[in-house]
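Step one of this worksheet: look at the structure below.
Keep in mind it's a predicted model, so treat the numbers as computed, not measured.
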Amino acid sequence: GTVQLAMGPISNNKVSLQVNANGSSVELPLSQAPSTDPLQDKEFVQKLKNLETVMNSQIYGQAEATEAIVKAVRSHQSTKLTNTRPLTIMLVGSTGTGKSETAKALALGLYGSKERATIIPFGNVQFEGDFNIIFNSPRGYQGANQIGLFEQALINNPNGGVIALDELSNVGGNDPVQKEKLLKKY
């Protein structure tokens, strides 16, 4: 199984979001952002123009990666009216190469604050139940009414942000069988 997100109907100026890893759901307020073409917003277009400069001022020695990310963001934003799916960018590298800092720099460039980046640590996930901290417990289980890290990231940034799933390679610890089992499940 994989984690699936599904957006439900809009009612009372809220949208229902179903996180189908464990059956939990949450209602989030609709974004206050205008529903028009984002490329008509001069301030936003300026942020897109400055994005590479902002990112390069925060990240050193990753100019090629920064350029590719900026191209992907600009391309995605140019199709925003017809494409409502979030942009997914996967960064792979060993510890200390700047993946988390890249997420923070992207948040700074697009949203004006590094705090708009949420870094969700997967390094402590050793067993299936550990995913509950991130995605909540299934309905009917203890902790099902608590907010997980992923849901909290969505609540904290209803008008957009960057979510980085950090340390995925450390899921399951040093046990290759457990690692494969957990990564296949989610």
| task | Kindly indicate whether the side chain of Thr102, heavy atoms from C-beta on, has any atom under 4.5 Å from the side chain of Leu91. | result | yes

| note | Value for CZ (Phe131) from CG (Leu182), rounded to nearest 0.5 Å, stands at 5.0 Å

| task | Flag the pair Glu67 / Glu52 as yes when at least one side-chain heavy-atom distance between them is below 4.5 Å, and no otherwise. | result | yes

| query | If we only count heavy atoms from C-beta on, is the Ile120 to Asp166 side-chain gap below 4.5 Å? | reply | no

| field | Between Gln146 and Asn136, a side-chain donor and acceptor under 3.5 Å | value | no

| note | One should read off an interatomic distance between Phe127 CZ and Asp175 CG, to the nearest 0.5 angstrom, of 8.5 Å

| query | Going hydrophobic residue to hydrophobic residue with side-chain gaps under 4.5 angstrom, can you get from Ile119 over to Ile69? | reply | no

| query | Who pairs with Lys181 by side chain to side chain donor-acceptor pair (under 3.5 Å), at least two apart in sequence or on another chain? | reply | none

| query | Looking only at heavy atoms, which two atoms of Ala117 and Lys104 are closest? And how far apart? | reply | CB-CA, 3.8 Å

| Contact check, side chains of Glu43 and Val45, non-hydrogen atoms, under 4.5 Å | no

| task | Could you walk me through whether Asn156 and Thr118 pass side-chain contact (heavy atoms from CB on, under 4.5 Å), step by step? | result | CA-CA 9 Å; Asn156 290 348; Thr118 302; 5.5 Å; no

| query | Which atom names give the shortest non-hydrogen contact between Ser137 and Tyr141, and what distance separates them? | reply | CB-CB, 4.2 Å

| query | Quick one: does Val171's side chain get under 4.5 Å of Asp130's, heavy atoms only? | reply | no

| Nearest 0.5 Å, what's the CG-CZ distance between Asn159 and Arg116? | 6.5 Å

| task | Show the numbers, then the answer: is there a side-chain contact (heavy atoms from CB on, under 4.5 Å) between Ile133 and Leu149? | result | CA-CA 7 Å; Ile133 295 168; Leu149 296 173; 4.1 Å; yes

| said: Assigning hydrophobic clusters by single linkage (Ile, Leu, Val, Met, Phe, Trp, Tyr; side-chain heavy-atom cutoff under 4.5 Å), is Leu110 placed with Met55? | reply: yes

| query | Considering all heavy atoms of both residues, which atom of Thr97 and which atom of Gln62 are nearest to each other, and what is their separation? | reply | O-NE2, 3.3 Å

| task | Give, for atom CG of Leu165 and atom NZ of Lys99, the distance between the pair rounded to the nearest 0.5 Å. | result | 12.5 Å

| Reference residue Val125; test side-chain contact (heavy atoms from CB on, under 4.5 Å); the match among Leu168, Leu183, Ile134 | Ile134

| Nearest heavy-atom pair of Ala164 and Ala103: which atoms, and what distance? | CB-CB, 3.9 Å

| said: Check for me, please, whether Leu108 and Val73 land in the same ILVMFWY cluster - side-chain distances under 4.5 Å, paths through other members count. | reply: no

| task | Mark yes or no for whether Lys179, through its side chain, and Gly173, through its backbone, hold a donor-acceptor pair below 3.5 Å. | result | yes

| note | When rounded to the nearest 0.5 Å, the distance separating CD of Glu167 from CG of Asn124 is 7.0 Å

| request: Over all heavy atoms of both residues, which pair between Ser113 and Glu115 is shortest? Give the atoms and the distance, please. | output: OG-OE1, 2.8 Å

| message | Within the structure provided, determine whether Asn50 and Gln46 are in side-chain contact (heavy-atom separation under 4.5 Å). | response | yes

| said: How long is the straight-line distance from CG of Asn132 back to CD of Gln142, given to the nearest 0.5 Å? | reply: 10.5 Å

| So, do Lys114 and Gln58 sit near enough that their side-chain heavy atoms are less than 4.5 Å apart? | yes

| said: According to a hydrophobic-cluster definition based on side-chain heavy atoms being under 4.5 Å apart (Ile, Leu, Val, Met, Phe, Trp, Tyr only), do Leu106 and Phe44 belong together? | reply: yes

| field | For the student: nearest non-hydrogen atoms of Ile163 and Ala153, plus distance | value | CD1-CB, 4.0 Å

| Going only through I, L, V, M, F, W and Y residues with side-chain contacts under 4.5 Å, is there a path from Val54 to Tyr111? | no

